[in-house]
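One structure is given here, and the rest of the page talks about it.
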Amino acid sequence: MALFRTQGINFIQMSLFDRMGIAITVLNNNLSIEADRALITRYDFNLQYSYVYIDFDDTIIFNNLINTDMIKFIYQSRNQGKKINLVN
């Protein structure tokens with residue numbers, strides 16, 4: 001359903017219009033869309049901490065690429081008032 005929504009098709013609205021007797025025409029917008037619905041595991045646990053220690057090599061930079069998940073974590077930690085420490 002999510003993939004069809006990106007194509008401009010709203011199944012819920014279409015079913016309501018159909019129930020109300022309103023004629024429905026679906027127009028294809030011919031977009032090339034790829035959907036990724038990968039499942040990831042997330043945890044929330046009761047651990048209090050004030051400092052984050054991060055190694056630059058193999059953490060922030062991995063295989064000569066920036067680890068965007070780690071950058072996200074750094075910003076989230078900063079927004080929570082945590083102190084970030086870079087380990088060389």
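FYI, the numbering just counts along the sequence from 1.
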Notebook entry, point to check: When you look at Val87 and Ile54, which way does the side chain to side chain contact (heavy atoms under 4.5 Å, CB included) test go after all the steps?
Noted result: CA-CA 6 Å; Val87 178; Ile54 300 173; over 6 Å; no
Check: Stepwise, does the side chain to side chain contact (heavy atoms under 4.5 Å, CB included) test hold for Tyr51 with Asn85?
Finding: CA-CA 7 Å; Tyr51 298 91; Asn85 298 287; 3.7 Å; yes
Report, one line per pair, each donor and acceptor closer than 3.5 Å where one atom sits in a side chain of residues 57-68; sequence neighbours left out.
| unit_1 | atom_1 | unit_2 | atom_2 | d |
| --- | --- | --- | --- | --- |
| Thr59 | OG1 | Asp55 | O | 3.2 |
| Asn67 | OD1 | Asp69 | N | 3.1 |
| Asn67 | OD1 | Met70 | N | 3.2 |
| Asn67 | ND2 | Thr59 | O | 3.1 |

Donor-acceptor pairs are to be reported for all side-chain atoms of residues 9-19 against protein atoms at under 3.5 Å, with residues two or more places apart or in another chain.
| unit_1 | atom_1 | unit_2 | atom_2 | d |
| --- | --- | --- | --- | --- |
| Asn10 | OD1 | Ile12 | N | 3.2 |
| Asn10 | OD1 | Gln13 | N | 3.1 |
| Ser15 | OG | Phe11 | O | 3.3 |
| Ser15 | OG | Ile12 | O | 2.8 |

Which donor-acceptor pairs under 3.5 Å do the side chains of residues 72-83 make with protein atoms, sequence neighbours left out?
| unit_1 | atom_1 | unit_2 | atom_2 | d |
| --- | --- | --- | --- | --- |
| Ser77 | OG | Phe73 | O | 2.9 |
| Asn79 | ND2 | Tyr75 | O | 3.4 |
| Lys82 | NZ | Tyr49 | O | 3.3 |

Note to self: With a 4.5 Å cut-off on side-chain heavy-atom distances among I, L, V, M, F, W and Y, is there a chain of contacts connecting Tyr53 to Leu47?
What the structure shows: no
Margin query: Between Phe4 and Leu27, is there shared hydrophobic-cluster membership here, with clusters defined by ILVMFWY side-chain heavy atoms closer than 4.5 Å?
Written below: no
